[in-house]
Amino acid sequence: MVINSRNKGASAERELIKEIYYSTGIELTRNFEQASSGGHDLIGLDGWAIECKRYSVASEYSKRMWWQQAVYQARRVRKKPVVCYREDRRHWRCIVPYPEHTTLFEWADYRCTSDIDLELFCGILREEISE
């Protein structure tokens with residue numbers, strides 16, 4: 001069975017939108033301008049630029065490359081980068097800057113990230129909303 005990567009990506013974005021909505025009540029939308037203007041994948045979340053990835057296996061190399069892309073996109077809109085990814089038959093994971101206010105490394109440095117589950121990321125979002 002051949003799967004169109006564009007369709008797979010769009011499906012993953014819709015799936016992630018639902019997961020975040022069910023956990024936080026935050027309504028996100030797909031960024032339909034991303035292909036032409038090079039923006040991040042999901043919009044509607046103050047402070048965060050979300051890159052969404054759906055692959056059969058997420059290698060360390062892939063995660064490093066995704067992080068570089070997320071940082072680049074986030075800097076363009078002055079937001080924090082986050083990569084939300086899901087491997088086949090696995091739950092969503094999120095790569096976020098950590099610690100958030102470090103002076104040791106820049107955000108672009110993959111060593112300055114944490115790989116957390118989506119539930120924890122949604123908890124972070126709920127905390128930010130309540131503040």
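Numbers for residues simply follow the sequence, beginning at 1.
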Any Lys/Arg nitrogen of Glu128 or Lys80 sitting under 4.0 Å from an Asp/Glu carboxylate oxygen of the other?
-> yes
Is there a side-chain contact between His91 and Asp117 (heavy atoms, below 4.5 Å)?
-> no
Do the side chains of Ile116 and Val96 get nearer than 4.5 Å, heavy atoms only?
-> yes
Hydrophobic cluster (4.5 angstrom, side-chain heavy atoms) - remaining members for Val83 | Tyr55, Trp66, Trp67, Val71, Tyr85, Ile95, Tyr110
Linked, directly or transitively: Val77 and Leu42 (ILVMFWY side chains, under 4.5 Å) = no
Give me the other members of the hydrophobic cluster that Tyr21 sits in, counting Ile, Leu, Val, Met, Phe, Trp and Tyr linked by side-chain heavy atoms under 4.5 Å, directly or via other members.
-> Tyr22
Taking only Lys NZ, Arg NE, NH1 and NH2, and the carboxylate oxygens of Asp or Glu, determine whether Lys63 and Glu60 approach each other closer than 4.0 Å.
-> yes
Working for side chain to side chain contact (heavy atoms under 4.5 Å, CB included), residues Cys122 and Ile20 = CA-CA 7 Å; Cys122 288; Ile20 291 174; 4.2 Å; yes
Answer yes when Glu15 and Arg86 have at least one side-chain N-carboxylate O distance shorter than 4.0 Å, and no when they do not.
-> yes
How long is the gap from CH2 on Trp92 to CD on Glu87, to the nearest 0.5 Å?
-> 11.0 Å
Check whether more than 12 heavy atoms from other residues, nucleotides or ligands sit under 6.0 Å from atom CZ of Arg90, and answer yes or no.
-> no
Could you go through the side chain to side chain contact (heavy atoms under 4.5 Å, CB included) check for Ile26 and Ile129 one step at a time?
-> CA-CA 10 Å; Ile26 298 169; Ile129 291 169; 3.2 Å; yes
For the side chain of Arg30 and the backbone of Ile17, is there at least one donor-acceptor N/O pair under 3.5 Å apart?
-> no
Evaluate the criterion side chain to side chain contact (heavy atoms under 4.5 Å, CB included) for residue pair Leu16 and Asp41; output intermediate values, then yes/no.
-> CA-CA 11 Å; Leu16 182 59; Asp41 295 332; over 6 Å; no
Taking only residues two or more places apart in sequence, or in another chain, which ones meet Gln69 in a side chain to side chain donor-acceptor pair (under 3.5 Å)?
-> Glu51, Lys53
